[in-house]
Amino acid sequence: QVQLVESGGGLVQAGGSLRLSCAASGRSFSFSNYNMGWFRQGPGKEREFVAAIRWTRDALNYAGSVKGRFAISIDNAKNMVYLQMNSLKPEDTAVYYCAAALRPMWTTEYGKYSYWGQGTQVTVSS
């Protein structure tokens, strides 16, 4: 079993930055077994893919709407996944979720991710 706990959300003005964190834990958990992703769900919208990092760390994937502004990273020593968000826009307002997909699953489809955190709210004011 894998537990994921997000933190770092909040209220920020447009153009500002936030860094989301996701603490991963569980019996025998290891990032070498999972591809990690971030998703978001805005008000009245479906959950959508934001970013992912492959378990080999040799591949990153970003949604077109965040490419060049967001960056996903992993700290193996701390069992943490991060999402650095820069140049935030009001349309980035959403609940952000951390997710894990057992390798070799490398996908943007949220239904293919096995484990989810509870989410953290990000609100960007104009």
field: Within one Ile-Leu-Val-Met-Phe-Trp-Tyr cluster: Met85 and Trp38, side-chain cutoff 4.5 Å
entry: yes
statement: Taken in chain and number order and not counting sequence neighbours, the residues that satisfy side-chain contact (heavy atoms from CB on, under 4.5 Å) with Glu91 are Lys89
message: Minimum heavy-atom separation for Gly9 and Val122, please, with both atom names.
response: CA-CG2, 4.1 Å
message: Quick check against the 3.5 Å criterion: does Thr120 have a side-chain atom that pairs as donor or acceptor with the backbone of Ser7?
response: no
field: Pair listing, disulfide bond (SG atoms under 2.5 Å apart) test, anchored in residues 76-108, at least two apart
entry: Cys22-Cys98
message: Between Arg19 (side chain only) and Gly8 (backbone N and O only), is there a donor and an acceptor less than 3.5 Å apart?
response: no
Between CD on residue Gln121 and OG1 on residue Thr93, distance to nearest 0.5 Å: 7.0 Å
- prompt: So, do Met36 and Leu4 sit near enough that their side-chain heavy atoms are less than 4.5 Å apart?
  reply: yes
- prompt: Does Val66 share a hydrophobic cluster with Leu60, counting links as ILVMFWY side-chain heavy atoms below 4.5 Å and allowing steps through other members?
  reply: yes
query: Below 4.5 Å, heavy atoms only, C-beta onward: do Gln118 and Glu6 meet side chain to side chain?
result: yes
- request: Could you list all the salt bridge (Lys or Arg N to Asp or Glu O under 4.0 Å) pairs where at least one residue sits in residues 107-126, not counting sequence neighbours?
  value: Glu109-Lys112
query: Would Phe49 end up clustered with Tyr96 when hydrophobic side chains under 4.5 Å apart are linked, directly or stepwise?
result: no
- request: Begin from the C-alpha positions of Phe31 and Ile53 and carry the test side chain to side chain contact (heavy atoms under 4.5 Å, CB included) through to its verdict.
  value: CA-CA 10 Å; Phe31 279 128; Ile53 181 167; over 6 Å; no
- prompt: Out of curiosity, does Val2 fall in the hydrophobic cluster containing Val5 (side-chain heavy atoms, cut-off under 4.5 Å, transitive links)?
  reply: no
message: If we ignore hydrogens and angles and just use 3.5 Å, is the side chain of Asn61 paired with the main-chain N or O of Ala51 as donor and acceptor?
response: no
- prompt: Would Leu20 end up clustered with Val12 when hydrophobic side chains under 4.5 Å apart are linked, directly or stepwise?
  reply: yes
query: When you look at Leu88 and Gln13, which way does the side chain to side chain contact (heavy atoms under 4.5 Å, CB included) test go after all the steps?
result: CA-CA 8 Å; Leu88 283 161; Gln13 287 188 333; over 6 Å; no
query: Can you list every salt bridge (Lys or Arg N to Asp or Glu O under 4.0 Å) pair that touches residues 42-66, not counting sequence neighbours?
result: Arg40-Glu48, Arg54-Asp58
Show me the donor-acceptor pairs, under 3.5 Å and distance only, between side chains in residues 68-78 and residues at least two apart or in other chains.
unit_1: Arg69; atom_1: NH1; unit_2: Ser87; atom_2: O; d: 2.9
unit_1: Arg69; atom_1: NH1; unit_2: Asp92; atom_2: OD2; d: 2.8
unit_1: Arg69; atom_1: NH2; unit_2: Ser65; atom_2: O; d: 2.8
unit_1: Arg69; atom_1: NH2; unit_2: Asp92; atom_2: OD1; d: 3.0
unit_1: Arg69; atom_1: NH2; unit_2: Asp92; atom_2: OD2; d: 3.4
unit_1: Asp75; atom_1: OD1; unit_2: Ala77; atom_2: N; d: 3.1
unit_1: Asp75; atom_1: OD1; unit_2: Lys78; atom_2: N; d: 3.2

Ring pair (Phe, Tyr, Trp, His ring centres under 6.0 Å) pairs, two or more places apart, involving residues 99-126: Phe39-Tyr113, Phe39-Trp116
